[in-house]
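Computed from a predicted structure; not experimentally measured. Within every chain, numbering begins at 1; the chains are lettered A, B, ... in the order of the sequence lines, protein sequences first and strands thereafter.
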Amino acid sequence: MNPSVVALVVALPLLAAFLLPLVPGSARRVVGPLVLLVLTGIGMRLWDVASVAPVVLAVGDFLPPLGIVFYVDSVAALFVLAVALLCLLFWPWAGEGEHLDRKQSLTLILAAACGGLAVSGDLFNVYVFYELAAVASYGLAAGGRGAAGQVATFRYVILGSLGSLLALFGITLVYFMTGTVNLAHLAELAPKALVGVPGLAAFLLILLGLGVKAELFLVNAWAPEVYATAETRVSALLAGLVSKLALLVLVRLLVLVFPLPGTHEALLVLGLLGMLTGELAAYKARDVRRMLAWSSIGQLGAAFMAFSVPGDAGLVAGIAIALHHMLVKPALFLLAGRWGGSLGRIAGAARRSPLGAVLFVLFALSLLGVPPLPGFWAKYLLLSGLAGQPGGLWWLGGLVVLLTTVVEAVYLFRVIGALYSRDEGSVAADQSATAVAGSGMLAAVLLVIALSAPVLAGTLDRMAVQMGDVDGYVTRVLTPPAPAVPIGVAP
Amino acid sequence: MNTIELLTELAVMPLVAFVIGLAMVLMMRKIAAKIQRRVGPPLLQPLYDIVKLYAKQTQNSHGLLHDIGIVMAVGGYIAAETMVPVPGMNGIADKSGLLTLAYVTMIPSLGLALGVGQCANPNGSIGIARALTAMLAYDVPFVIIIFGAAWVYGGNNMIDMIAAQQLGGIATWGVARMPLLAIAGLFAMYAMLGKQPFEIYVAPAEIATGPMVEMGGKHLGGLFVMQCFQLFTASAVYVSIFLGGGENWPLFLVKLFAVVAIPMSMAFVFPRHRTEDVLLSVWRWPVLIGLAGVWLAMH
Amino acid sequence: MLTRYGALIFAAGFAFFLFVLFAGQPLGAPPMTVGRAVLDQAPAAVGAANIVTSVVLAYRGIDTMGELAILFAASTAVGLVLGRGRGHAAPTAEPGGFILQAGVDLLFPLLLVVGFYIILHGHLTPGGGFQGGVVLAAAFVLPVLARPAEQPSHGAMAWVEGLAGTAFIVTGLAALAFDRAFLAPLLGAGQLGALVSAGTLPILYLAVGLKVGAELASLLLRFTEEEAAR
Amino acid sequence: MSQSSLSILLLGALGLVGIGVGGLVLSRNLYRLVLALAVAETGGNLLLVLAGFRPGAAAPIIEPGRAVAAMVDPVPQAMVLTSIVIGVGVQAFALGLAIRARAAYGSLDMDELRGRMEADIDAEAGAPPAASQHAPAIARLAGQPEAKP
Amino acid sequence: MTALDTVLALSTLAALTAFLFGNARSYAWLAGILLTGQIVLLAGMDLPTSASLDFTIFGQTVGWQLDGFGRFFALITVGAALASVSYMGGEWGERYAAEGKSRRWLHGSLAANVMAMLLLLASKDLIAFFIGWELTSWAGFLLMAQGTDRALRAALRYVPYAMAGAMAVLGGLVLTLAWTGTLDLDGLASAMPDLGNARLAILLVLFGTGFAIKMGLLPFHLWQTPAYAEAPGAGTAFLGAISSRMGLFGLGLLLVKMITLSRLADLSLVDGLFNARDVLAWIAALTIVLPTFTALKQNDARYLLAWHGIGQSGYMLLGLVVGDATGSAGGLLHVFNHATYQAALVLSVFAVMHRTGTADLNSLGGLVTRMPLTFLVMLMGIIGLAGLPPMNGFVSKWLVYRSLMMNGMPLLFLMTVLGTLGTILSVYKLIHNTFLGQLRAEHEQIREAPWSMTVPMLVLVGLGFLTGAAPGLALRWVAQAQAALGLPVMSYTLGGIESARGSLDMLWVVGVLFAGFGIGAILFYGVGNRSKRIHQLDNYAGGHFLSADVRYHYSDNFYAGLMHRIGPLYRGSFVWLESALASATDLTATLMQAWYRQAVPALALLAAVVLGLGWVIWR
């Protein structure tokens, strides 16, 4: 396979986004979905190839570390696939005239940016794609319902930009110390160059900077208000997709560049606090939309905790949690489109659309980790990873996971109870057909995963091993097969 | 021992118990008369009372359960008597044991309660509530004694208990081996017999708050029979646990009557306790003494 | 009040800590791990006299594509937030004075020329698509200040935006046709320092310039519209 | 060029950062927030350029009689170009939002806008207002700031 | 395809069909057939039987295998379900459907419960166990939530308890994996006793909490009463009969099989102050006494029974913890016995509700003349619940008493007896205020409950009586369970136990008892005049006359004298504890939310960075 296919992951959606306004009206509607379908195909192909051996693309045939590198291991391939599918699922089909075009091109740009984040192997390039994703999601969030959304987005922009600034400082610091931004090169130099106070400081700056999108605790105050005001479609994308890619990037950095003492602890503490605050805040939430927002903060806290566990165990658990949440939370947000209000608004909604209610229950149970649903295995991996660690902090984390799950159960079942309450004269709205269809598809995926869990477990293990293989990364990137027309020589 | 003999024993034991019970009632009333400076009833008076009640012209019943209750009350004790070993006859004592006996003797109380309940007499209900409370009261020290006995004799088979005591003579009697428990047992039996001050629930004479209030004719007669059995059972159990059971009939009878005489002679000098006082007076000292006795017996 | 002082203290502390961190770094003596190699190889490999340009367009071309996308996203988002459909010029806004109008007429062609010059010499001299693009944008916004009534149509802008961006990506994809990796420079390095050199870089820069210009111009025009609308 | 003057450059860049960040957390006016952001990002960009700076070295443009060895690191310069443009995009968008917010709520004051926003969210969700004045202080802590009249 | 596979397949089929055709009038027949098939298979299968379904995931093998211990519980489960289903099949179900409630969901959740419990009971390792555990919890929730909004609210109250329990178990699971490296139950049986005291104590607390919550042991019992009482009749019967026993099953596996009682006895807590075994025994004893005396104060028949359900579980655990042959046999046998009479009692109460529409003891009474069969059921039921001869409840309790006596535990023994006496008092109140005393005017025309309801009840009490007269029938299964757990196996006869230290032969006791009743009856009816029936109001009430409009039949403060003495001891401490916990959570949640509503999020970010950098620099 020509590795340049990897570049299409970014180039194709961008091209479509640029051209969208120029395409004549009738064809305009189909451009985006078509591109995303192609992207899906590419993702599958990449998955096939990468699960054997990762794909490396030296963009522009400039040998790393000079040029920018795209590196696709099976995790990245899977995320590319997820990007395409989720963007397709939450594609803005309806809407009036120009706004629709803009939303569509922003969605395409988001897809491109997320794809770039998944595959990029260059620190500064990651920063660029991160910013691209940021601007696109700002636009989508602000394009929502009414001015409240725009105020919320403004606050989001301020916070996000400050975060990016921090990340930029971190990158600058790294460049000061190493003089390169290529991840493989950095991984090679890190043990000597990226040590001590500046190294840890750089990690902290980048963590807090990019953590804004990953809903990392301390920098996630934007989430509730944005999710409460944006279109649920957008909330689903932000909570389900963008946060995960930011997370993925952070984990790559943690694995490749910053294997320092202290980084894991920092991640653990932040994740722990995120889970604690998120779940408890959700317990007090007075409407379903913000409840879901806080709960996703909590879930990402869990993911951070998982990744904070050193070694492959942590990676397995983290990937499992991230993928599971990527599956469940979008579905819940879809259902929250009509049922996003206060509990009083949804009382007795199950009578009006039973299927929607059943789906909500299913996803809620999986979120709680009720076996044999996939959520259980994710939680099991997280807890056994934490339990496997010696010492108090990790066990404290496990305790927090256990306790917050109880809280989670209370507020989720509060909603379920409202949905199924039998009091007459309820004002609940019917669930929209599209929401039921979309979440139904996700539910089908969920059940398939639940049934084939033993098989997928092996795949998960392999993915984690591939992701944790630093030496393999370095050698594959820095000694690539000779390009067709060799240009320059590796230093 | 073949089944025929066993069956005859089972038939005879309740009869014996009934006769002795009648005699105890007589003695009880004689004692009361002596204390109150009266002559007291003639020899067969208790029997006459029962016969008279059964032979009454008008027999009122509040329905099937009203009768069933009495049947349970009498029948339960009849069954209980076959579990109390007496000289020469063991009945099914070895197949049931002290604990079973204790629980079988609760059935008559339940029957009485059911019968009274069926009468739909508000005062009857009050009386039953008090009766059951009293049962709750005196059964606590009673089971403590059962425990002590079972621990000391290594089992709750009454035959073994008696055998053990008779083997070693007076020194090995329960009263000698567990004196505190013997005292507590006296209390428990006293309360169990439902004489003053523990007879608030029978109180038939004054304002009708007793369970017997609806009982006339056969029903009351049944209760009299039950009382005879009750007296015998309580005393026989006490004798078998603490006083070495019956080596032979004369000794056995002496012990029985002595045991009954003590509380009876005390009874008539007491006023009547209210329910809560019953609880208190049985739960405070007897229980403490009993527990102390168990502790003593176990160390 | 307390929070305000707290904020001040934290801001100062932030700057201080950064100073502590960076003062410890090799200021003025960067390792130049990659930079050195680039300096050595870029002229031969890319053929642009301006090595920064070869980094911007060749070595880190993807970054540039990304930032074009960011500009596009920003203007699209602004359009999504502000736009009420196509540009409704505000008739109320009265034209600027004579001097402004005359000055603008004088400046407009000049700015165009300068802009395109900067763009086309981006691979030789300091400057390039971005800088030139900004000048172009200025050229197109000035007339609006003078004559708010007549605005360049968003349609045209949109076409420029779209086509410029497309051109950049297509040039990148063209490499695939020659069995090269995405965004690989084509057409050979050429004579170092000549106007026609450095392969496809000038084309890319032209695309960049047009795109930047169009994006900025449309952004500014949106704002002016919004102002005029109230 | 001496180390001290280099650290003056550093000081300048970080000074801008400090000022910008300070404004970011202090000011309540939307427009000022955007300006503060711009200042801070400028500082950051300066710092980035500084990462490739060598005293006495020339700009990395091949000219006759200019040794490649004596040139500054070109990579940070390319990167700073990118980050500047990124900043421009974000700030433009932020300005757009500020304009809309003012048009909708007739104010640029962050606290007031936030109050109105919270009120709108609650109203749309059909949830009761977060906390009344009579609620205990702890409940008001979590409550929305009351919108100014 | 082993027998176990067939059983599981049948139960799954039952669940599916229930959710498909549950609304059909005649579905109960299908369910009954399926359940009967399961019973036959379970009773017939040779042990241990393992299922062919097993898989390996994340390095752990997950599989199912049924042994004697599990089979004992499984039989009770399916039997209870069968009784409930047959009760549902007739007029009761019709009425339920007519009230606009969903029979489909009721049947479905019942079947789901059975399936989940079978999975749990057959689990071969801790992961399979946890899967079954969670399924059981949530199927139970489904069953509790059926019917009314009150039921739903009660079920929602159950949620935090259930989740806390599940999480405790999960925590124990992962720690077990981390410390012993295996999750296989047999493997753990050899690995766990070797753990150090501290670790074993942690595991004991975690697992124990989880199981105790399900079982409703003190202090985790508050959820159970409303949840069980408010569910629909058939559901309540099933729940009360077996559902919470799953906790006992777990405790049996944990305490007896894995940790082993001897290890438990020298596991000293609070540096040697107590040993774990005594603590557990005392928890069990308190669980007997306190809920029983709470039941004494109830005025709703369903709540009264639910409280007793909690109390009775104490006997089972106590017997199991004492752990000698008789004690454990008594504890396990009590599971079966309790299932029989508790189900019968609940069903009879709901039969009364079916006719009168209420279970409030203050507004019932005198129904014995109207519903004699139901009365008979409740009478035998309460005799069993109170643990008096001739019902089976007496046998199991007798075994527990006896082992307490023989092991010299006077105070625990006293507690158990106190519980029994309290039970007698409260069940008498139950039957007295339902069937005896004043028949209210509006109930004059009540008819006996339909056969579809009385037959299952009668079968249940009949079973209770049969196993009371001949305990050997049930002790067979108990002995197998003991063997499977590695407990000393009790030698039993058909009539009870044969022992040098006092044996019990219920055949004789029951025979004599009924002979006595016969003689009593002959004495009563044979001698003297026939008694004449008089109206209930025609009686002597201390001088004033009773009339139908005056209601004098009450349940409030029934035992006035007793309450006058022990009333002040009711403190409601557990309720206080629960609400305190809830409000504490609420407060913390409010504080947490305050974080997300800050005016200037950027400031927090800045502060975080500064503090973080400070940490990094001066670390």
Close side-chain approach of [X] and [Y], heavy atoms under 4.5 Å:
X	Y	value
Y283(A)	T588(E)	no
L204(A)	V609(E)	no
V455(A)	F55(E)	no
L460(A)	F58(E)	yes
V410(A)	T585(E)	no

Atom of [X], atom of [Y] and distance for their closest heavy-atom approach:
X	Y	result
V616(E)	A201(A)	CG1-N, 3.8 Å
V406(A)	M167(E)	CG2-CG, 4.2 Å
E134(E)	G369(A)	OE2-O, 4.3 Å
A387(A)	A178(E)	O-CB, 3.8 Å
A281(A)	Y596(E)	CB-CD1, 4.1 Å
Q593(E)	A285(A)	NE2-N, 3.5 Å

Checklist entry - Would L170(E) and F376(A) count as a side-chain contact (heavy atoms from CB on, under 4.5 Å) if you check the C-alpha gap in whole Å, the side-chain angles of each, and the deciding distance to 0.1 Å? => result CA-CA 10 Å; L170(E) 187 55; F376(A) 162 68; 4.0 Å; yes
Region of [X] in contact with chain A, defined by heavy-atom distances below 4.5 Å:
X	value
A168(E)	neither
S137(E)	neither
L613(E)	both
I617(E)	both
W133(E)	neither
V159(E)	side chain
A589(E)	both

Which one wins on heavy-atom pair count under 4.5 Å against chain E: [options]?
options	answer
V407(A), V370(A), L402(A)	L402(A)
T277(A), I158(A), V219(A)	T277(A)
L365(A), L276(A), I297(A), L207(A)	I297(A)

Non-hydrogen atoms of chain E under 4.5 Å away: do they reach the side chain of [X], the backbone, both or neither?
X	result
W294(A)	side chain
L399(A)	neither
Y411(A)	neither
L383(A)	both
V401(A)	neither
L368(A)	both
L218(A)	both
L381(A)	side chain

For chain A, which candidate among [options] shows the most heavy-atom pairs at distances under 4.5 Å?
options	value
L175(E), D586(E), L173(E)	D586(E)
L605(E), L135(E), L606(E), T56(E)	L605(E)
L156(E), I127(E), I57(E)	I57(E)

Checklist entry - Given the side-chain rings of F130(E) and Y380(A), with only the six-membered ring counted for Trp, is the space between their centroids under 6.0 Å? => result no
[atom2] on [Y] to [atom1] on [X], rounded to 0.5 Å:
X	Y	atom1	atom2	answer
I131(E)	L373(A)	CD1	CG	10.5 Å
F413(A)	W138(E)	CZ	CH2	4.0 Å
I416(A)	F141(E)	CD1	CZ	7.0 Å

Next on the checklist: Is it the case that the side chain of R422(A) and the backbone of G147(E) share a donor-acceptor pair, with hydrogens and angles ignored and the cut-off at 3.5 Å?
Outcome noted: yes
